[in-house]
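Index from 1, following the sequence.
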Amino acid sequence: MLWSDPDNEPPEELRDMQAMLRRLGVLMALAMVLAMFAIGLR
């Protein structure tokens, strides 16, 4: 890794998109758990 190498940082929009997708994935997993719990109660 040389000092002249460019940073390996993704652009701002890509980072925002990744954060949003991560949050969406957590919400989806939580919703699935709640749905399974609701189905199990019936």
Using a 4.5 Å side-chain heavy-atom cut-off and chaining through intermediate ILVMFWY residues, the residues clustered with Leu41 come out as Phe37

Can you name the residues that form a side chain to side chain contact (heavy atoms under 4.5 Å, CB included) with Leu34, not counting sequence neighbours?
-> none

Pairs satisfying salt bridge (charged side-chain N to carboxylate O under 4.0 Å, His left out), at least one member in residues 13-38, at least two apart | Glu9-Arg15, Glu12-Arg15

